[in-house]
Participant: 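The structure's right below; bear with me while I get my questions together.
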Amino acid sequence: MQVCHSIAEIKAEINRHFLTQSIGFVPTMGALHDGHLSLIQSAKQENGLTVCSIFVNPTQFNNAEDLLKYPRTVEKDLEMLSQAGCDIVFLPSEGEMYPAPLSLSIHFGHLETILEGAHRIGHFKGVGVVVAKLLNIVKPTHTYFGQKDLQQFLIIKQLVSQLNFETKLRCCPIVREKDGLAMSSRNIRLSEKERQIAPKIYEALLLAYAKIKSGESLKNAQNAAITLLNDFGVFEVEYLEIVNADDLSPANTTNLAICTAVTLGSIRLIDNILINL
Ligand code: AMP
């Protein structure tokens, strides 16, 4: 496995293979877990060359402390990627990605004003720019994202379609711990007690899912899920919304997503579940 720190290095490395192989790309912020590895597996299945980037992108953090405390486990990440059969890792410094302060910004319209966008102001602008830069550097034929960050996937879909990036996007299913908790780099920051209770987030989503499936109103389903979480007295529910899965607008189709963000202690966790009526 080749580890590249500079843009020049990774471009040269990719150029050596470009004409003969399709390139599967998995952008990450590191602190890797089996969710990330499932994306690597999908990339490997579909492509001759698999590239992963690890970059904790400062411009997508709206909270300085969150950026500072974001888990960084590079040595372990490289070991995991090597074992998973990744071919090239792009591990740039902040100076390599942002040699000068950014002077442009990308707008994503309504999609960046709701759910995550409403609670993390500027987050998707940061995501949009860094993914655009990474796609220009790696020029992947296929790029892999997780449904875990459903809104992020929809933002990237807009970016790729409206700016004509030539990459096929794949949205991979959420990988969960045995107790249902969605895997996340942030989970390692949970205390033992918080970790024990964290699976209730998925339980709340499943409760809403079951209520909708049994014909109850979306409002009832939403309220029941929020009540389940509130009753524990330790979750702060930022939002738990039932929306159209394709654009996260207010639910009025048969293809829905139940999306939530909660804070547990000082850790912010997100999860979602798709539902077809
Ligand atoms: P991150 O390192 O958190 O920026 O995540 C990198 C990619 O991995 C994103 O496309 C995420 O949606 C995806 N991802 C994170 N957690 C999971 C998970 N539990 N299952 C599947 N994909 C995930």
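Quick caveat, the model's predicted, so the values are computed rather than measured. Numbering of ligands and ligand atoms starts at 1, following listing order.
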Participant: Is V26 touching ligand 1 with its side chain, its backbone, both, or neither, if touching means heavy atoms under 4.0 Å apart?
Facilitator: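 None of V26 does.
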Participant: With heavy-atom distances below 4.0 Å as the criterion, list the atoms of ligand 1 near M183.
Facilitator: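 It comes down to these atoms of ligand 1: 16 (N), 17 (C), 18 (C), 19 (N).
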Participant: Using a 4.0 Å cutoff against the non-hydrogen atoms of Y70, which atoms of ligand 1 qualify?
Facilitator: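 Atoms satisfying the 4.0 Å criterion: 3 (O).
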Participant: Number the atoms of ligand 1 from 1 as they appear, then name those within less than 4.0 Å of a heavy atom of M29, with their elements.
Facilitator: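 Listed by number with element, the hits are 1 (P), 2 (O), 4 (O).
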Participant: With a 4.0 Å cut-off on heavy atoms, is F55 touching ligand 1?
Facilitator: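 It does not, in that no heavy atom of F55 comes within the 4.0 Å cut-off of ligand 1.
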Participant: Can a salt bridge be assigned to the pair R268 and E116 using a cut-off of 4.0 Å between side-chain N and carboxylate O?
Facilitator: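 The answer is yes: the pair qualifies as a salt bridge.
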Participant: Ring centres of F25 and Y144 under 6.0 Å apart?
Facilitator: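 No, the ring centres sit 6.0 Å or more apart.
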Participant: Compute both the distance and the angle, then confirm whether R170 meets the cation-pi test with F145: under 6.0 Å from the six-membered ring centre, within 45 degrees of the axis.
Facilitator: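 No, R170 does not sit over the ring of F145.
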Participant: Judged by non-hydrogen atoms, does P173 sit under 4.0 Å from ligand 1?
Facilitator: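 For ligand 1, residue contact (heavy atoms, under 4.0 Å) with P173 is present.
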Participant: Do you know the tightest heavy-atom contact between A43 and V26?
Facilitator: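 So the minimum-distance heavy-atom pair works out to CB-CG2, 4.1 Å.
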Participant: Any heavy atom of H33 closer to ligand 1 than 4.0 angstrom?
Facilitator: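 The answer is yes: ligand 1 sits under 4.0 Å from a heavy atom of H33.
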Participant: Is R195 salt-bridged to E192, cutoff N-O under 4.0 Å?
Facilitator: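 A salt bridge is absent here (no side-chain N lies under 4.0 Å from a carboxylate O).
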Participant: So, K139 and E166, do they make that salt bridge, N to O below 4.0 Å?
Facilitator: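 No.
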Participant: Going by the atom numbers of ligand 1, which of them fall below 4.0 Å from some non-hydrogen atom of L39?
Facilitator: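 Heavy-atom distances to L39 below 4.0 Å select 7 (C), 8 (O), 10 (O), 13 (C), 22 (N).
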Participant: A quick test of your reading: do over 12 heavy atoms of other residues, nucleotides or ligands sit less than 6.0 Å from NZ of K125?
Facilitator: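 Check passes, neighbour count above 12.
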Participant: Answer with side chain, backbone, both or neither: which part of A31 has a heavy atom less than 4.0 angstrom from an atom of ligand 1?
Facilitator: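 It is neither part, as no heavy atom is under 4.0 Å.
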Participant: Check ligand 1 against G35 and write out every atom of the ligand that is under 4.0 Å from a heavy-atom position of the residue.
Facilitator: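 Counting atoms of ligand 1 from 1, those under 4.0 Å from G35 are 18 (C), 20 (N), 21 (C), 22 (N).
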